[in-house]
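Bear in mind that the values here come from a model prediction, so they are computed numbers and not experimental data. Ligands are counted one by one from 1 in listed order, and the atoms in each one are counted from 1 as well.
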Amino acid sequence: MTAPRDFSRRAALLAAAGAGGVMLTGCDQLSRSSSFRRVMAAAERLNLKTQRLLIGQDALAREFSPADLSPVFKANGSIHPGGDDYKRMLDSNFTDWRLTLDGLVTHSLSLSLEELRALPARSQITRHDCVEGWSAIGGWTGVPLGLLLKSAVVLPQARYLVFHCADNLGGGSNGLYYETIDLVDAHHPQTILAYDMNGKPLPVAHGAPLRLRLERQLGYKMAKYVMRIEAVADFAHIGSGNGGFWEDRGYAWYAGI
Ligand SMILES: Nc1nc2c(c(=O)[nH]1)N[C@H]1C(S)=C(S)[C@@H](COP(=O)(O)O)O[C@H]1N2
Ligand SMILES: [Mo]
């Protein structure tokens, strides 16, 4: 669970709705109407296509210099997954943590932090934009996701990757944080699994030991506390079927910026 300090407005709303509860705001009622959802989904597909057509699927997000780093980078959403399993991993400095990459791949991978750190790395200084209206510039180092996908050999039926996270925002399986991205974004050169932030091991508040950086989309797509990445053909069977924790609560699946 999230600690009370730094509780985001949304997380507070969610907590107020109770374990596994729903937010019964006017907005949520609207987002649960199926015709509204269909219109939104169509607009979103158009947004995705337009963006890729106009900007190009490999266009890079702007990168900054060390002088631009924000003195304070807000930690948002979960800032500690809690629970015995995570505590055990944290206590042992994540030496017994493994990243699993499985699902529709030829070779499943199970990688320690040390193994990830031994792979070719990419560093980038980028601006993080949260849907709540704040931004911060941070420096990230990690493994290009495309590199892992190459060694796992993704099967042709796979279209998306699911990021399964260690934190639970609402209690019950409904509160587990997860995200999905498509394989185009997964292979983007700036899409990395980051283990360092501003030159130091990723702090717990920012997703230790590993978090996704997906620089051309909004903050909620960038899963923290990543435990498992699963290649799937579709995500209708995961969570409430909309492709992410916040997507299941009405946010756009494609959060391009
Ligand atoms: N597992 C997990 N990932 C998450 C969240 C979360 O609550 N849990 N919050 C998201 C949101 S809304 C944002 S803005 C960023 C915040 O990342 P930061 O804590 O490094 O600022 O993480 C995203 N990834
Ligand atoms: Mo966010």
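When non-hydrogen atoms are compared, ligand 1 lies under 4.0 Å from the side chain of H128 (C-beta onward) but not from its backbone. Contacts of N76 with ligand 1, taken as heavy-atom pairs under 4.0 Å, involve both backbone and side chain. Heavy atoms from both the backbone and the side chain of Y220 come within less than 4.0 Å of ligand 1. For Y178, no heavy-atom contact with ligand 1 is shorter than 4.0 Å. Contacts between S78 and ligand 1 below 4.0 angstrom, taking non-hydrogen atoms only, involve backbone and side chain alike. By the criterion of a heavy-atom distance under 4.0 Å, the side chain of R211, and not its backbone, is placed next to ligand 1.
Close approach of ligand 1 to K74 is summarised as follows: ligand atoms under 4.0 Å from at least one heavy atom of the residue are 18 (P), 21 (O). Each of the atoms 1 (N) of ligand 1 lies under 4.0 Å from some heavy atom of Y225. Counting atoms of ligand 1 from 1 in the listed order, those under 4.0 Å from a heavy atom of G77 are 7 (O). With ligand atoms numbered from 1 in the order given, ligand 1 contributes 14 (S) to contacts under 4.0 Å with heavy atoms of C130. Interface atoms of ligand 1 facing C165, defined by a heavy-atom separation under 4.0 Å, are 1 (N). The F73 neighbourhood of ligand 1 comprises atoms 20 (O), 21 (O), with distances under 4.0 Å to a heavy atom of that residue. Counting atoms of ligand 1 from 1 in the listed order, those under 4.0 Å from a heavy atom of H206 are 18 (P), 19 (O), 20 (O), 21 (O).
A salt bridge between D84 and K87 is absent, with no side-chain N of the basic residue lying under 4.0 Å from a carboxylate O of the acidic one. Salt bridge absent: D58 and R216 never bring a charged side-chain N and a carboxylate O closer than 4.0 Å. Of the charged side-chain nitrogens involved, none lies within less than 4.0 Å of a carboxylate oxygen, so that D68 and R62 do not count as a salt-bridged pair.
A salt bridge (Lys or Arg N to Asp or Glu O under 4.0 Å) with E63 is found for exactly one of R127, R122, R213, namely R122.
Using 4.0 Å as the threshold, E179 has no heavy atom nearer than that to any atom of ligand 1. Heavy-atom distances between M197 and ligand 1 stay at or above 4.0 Å for every pair. Using 4.0 Å as the threshold, F245 has no heavy atom nearer than that to any atom of ligand 1. Using a 4.0 Å heavy-atom cutoff, A136 is absent from the residues neighbouring ligand 1.
Between W134 and H128, the ring planes are parallel. Angles under 30° get that label, and only those over 60° would be called perpendicular.
The aromatic ring centres of Y195 and W97 sit 6.0 Å or more apart. Aromatic pair Y225/F163: centroids not less than 6.0 angstrom apart.
The two residues L109 and S151 come nearest to each other via the heavy atoms CD1-OG, 3.6 Å.
Taking any N or O of M222, backbone or side chain, at least one lies under 3.5 Å from an N or O belonging to ligand 1. Among the atoms of W134, none of the N or O lies under 3.5 angstrom from an N or O of ligand 1. An N or O contact shorter than 3.5 Å links D167 to ligand 1 by distance.
Distance CG/N242 to CH2/W253: 12.0 Å, rounded to 0.5 Å. From L183, atom CG reaches atom CG of L161 across 5.0 Å, with rounding to the nearest 0.5 Å.
The nearest non-hydrogen atom to atom 15 (C) of ligand 1, considering only A205, A75, G219, G138, comes from G219. Residue nearest to atom 19 (O) of ligand 1, selected from K221, M227, K224: K224 (by heavy-atom distance).
If you check the side chains of Y178 and D248, you find a donor sitting under 3.5 Å from an acceptor.
Checked by atom type and distance alone, the side chain of K224 never pairs as donor or acceptor with a backbone atom of A166 at under 3.5 Å.
Within the cation-pi definition used here (under 6.0 Å to the ring centroid, within 45° of the axis), R249 qualifies as a partner of F245.
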